[in-house]
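What you see is a predicted model; the values in this text were computed from it and never measured. All residue numbers in this chain count up from 1 along the given sequence. Quick note: numbers below take in every heavy atom, side chains included, and nothing from hydrogens, waters or symmetry partners.
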Amino acid sequence: MVVPSTTTPARQDTVALLLPPPPPGGGAIPTVDMSAPRGRVALSQQVAQACAEQGFFRAVNHGVPPASPAARLDAATSAFFALAAHEKQRAGPPNPLGYGCRSIGFNGDVGELEYLLLNANPAAVAHRATSIDTNDPSRFSSVVNEYVEAVKQLACDILDLLGEGLGLKDPGFFSKLITETDSDSLLRINHYPPSCTTHKLDHDDQCKLKRIARTKAGNGGNPTAVGGRIGFGEHSDPQILSLLRANDIDGLQVLLPDVDGKEGWVQVPADPSAFFVNVGDLLQALTNGRLVSVRHRVIATACRPRLSTIYFAGPPLHTRISALPEMVTAVLPRRYRSFTWAEYKTAMYSLRLSHSRLDLFHIVDGNSDGSKAK
């Protein structure tokens, strides 16, 4: 289902990789079987193609067992979100880490959700756990750390495949950035309360409401006018790579071009057994725009809560982000000036959620010193 975008965000033109053309139809969500049934070379090409054309794909057979550690993390975070409001507030307010409710960031963005945002470093998790699970902080820390290790390994596998698919001299370059001891990776757990205003609706009535919302949205309607709410507004992820896993409730949408090149919102079918992989802004900059940082949002239309967990794979703060030499040619000149991840984060926190942050670092007229950056 493709819904025309209601906004026209500034967005960098992407440089196409020399890969096979996409299948007809447009707006399709690529599925990548991480078990490599056709061999590693084919898998690396498929991952690179999905990241170049959509900036997003669904990873299946990824090797992270659904029963553990994912189920344990879901149970622990669900228990936290079920607490009384005053108990949850002990883990907030977000700075930006910690517990937050509706407010997103520092610049007025809001959404219909509550969340936990954690630094993925074990010591930072242990510190924050004292206000999340006051009965047994080490229990919560153990669950989070176990999950982070599993999903970080999956992120490394995907980044190594990307390096191979792009033909980098050092295929492990990307994954090395997120395995540094001081890497700045985050874990975000979002809880979207039910959107039904009347909780006494039976199952058939709930399904009818969702069908109406989907039909109207598919015809270009405003989801917020048919019972849906903006759960998390339109944005791209700033880090290198994001791995999202959610329960069986729909809501995630990505902004993708159709066969005519017109961008529209595509509903991502829920799949609790899969990970959904997003290219982040830093990866777009490192590849000189060959991979695209996808814009996405969450629309809350369900009558049951939606729980999602996102691992944001980031480099150390001091890491300098600059297009890799093999990504720059005479035909494809350097598109972004060099910057550190710390510098990019500072810019990010000064902007609204929907801002196209890489525009600030885009080189104009061949100047890479930032004097003529947008």
With a 3.5 Å distance limit and no angle check, can you tell me whether [X] reaches the backbone of [Y] through a side-chain donor-acceptor pair?
X: His191; Y: Ile189; value: no
X: Arg139; Y: Ala76; value: no
X: Thr346; Y: Ala342; value: yes
X: Thr329; Y: Val331; value: yes
X: Asp109; Y: Gly105; value: no
X: Ser293; Y: Asp281; value: yes
X: Asp260; Y: Lys262; value: no
X: Ser175; Y: Cys156; value: no
X: Asn247; Y: Pro305; value: yes

Shared hydrophobic cluster, [X] / [Y] (ILVMFWY, side-chain heavy atoms < 4.5 Å):
X: Phe339; Y: Met348; answer: no
X: Ile29; Y: Leu244; answer: yes
X: Val64; Y: Val47; answer: yes

- Query: Is the closest side-chain heavy-atom distance between Tyr344 and Phe361 below 4.5 Å?
  - Reply: yes
- Query: Mind checking whether Tyr99 and Pro94 have side chains closer than 4.5 Å, heavy atoms only?
  - Reply: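 Not in contact.
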- Query: Are the ring centres of His296 and Phe56 closer than 6.0 Å?
  - Reply: no
- Message: Under the criterion ring-ring contact (aromatic ring centres under 6.0 Å, His included), I'd like the reasoning laid out for Phe80 against Phe140: C-alpha separation, chi angles, the key distance, then a yes or no.
- Response: CA-CA 10 Å; Phe80 171 79; Phe140 184 83; 7.4 Å; no
Is [X] salt-bridged to [Y], cutoff N-O under 4.0 Å?
X: Arg306; Y: Glu112; value: no
X: Glu234; Y: Arg297; value: no
X: Arg245; Y: Asp74; value: yes
X: Lys169; Y: Glu326; value: no
X: Arg40; Y: Glu164; value: yes

- Message: Applying side-chain hydrogen bond (donor to acceptor under 3.5 Å, both in side chains) to Arg102 and Tyr115, what does each step give before you reach the verdict?
- Response: CA-CA 8 Å; Arg102 299 198 74 242; Tyr115 61 88; over 6 Å; no
- Query: Please walk me through it: do Glu149 and Asn145 pass side-chain hydrogen bond (donor to acceptor under 3.5 Å, both in side chains)?
  - Reply: CA-CA 6 Å; Glu149 283 305 308; Asn145 292 334; over 6 Å; no
- Item | From CA spacing to verdict: side-chain hydrogen bond (donor to acceptor under 3.5 Å, both in side chains), Glu114, Tyr192 | CA-CA 7 Å; Glu114 57 180 342; Tyr192 300 89; over 6 Å; no
Would you tell me whether [X] and [Y] have side-chain atoms, one donor and one acceptor, within less than 3.5 Å of each other?
X: Ser242; Y: Asp237; value: yes
X: Arg58; Y: Thr31; value: yes
X: Arg320; Y: Ser338; value: yes

- Show your reasoning for whether salt bridge (Lys or Arg N to Asp or Glu O under 4.0 Å) applies to Arg304 and Asp248. CA-CA 10 Å; Arg304 291 193 291 124; Asp248 59 348; 3.4 Å; yes
- Message: What verdict does the salt bridge (Lys or Arg N to Asp or Glu O under 4.0 Å) test give for Asp33 and Arg38, after you've listed the backbone C-alpha separation in whole Å, the side-chain angles of each residue and the deciding distance to 0.1 Å?
- Response: CA-CA 9 Å; Asp33 187 341; Arg38 296 188 293 124; over 6 Å; no
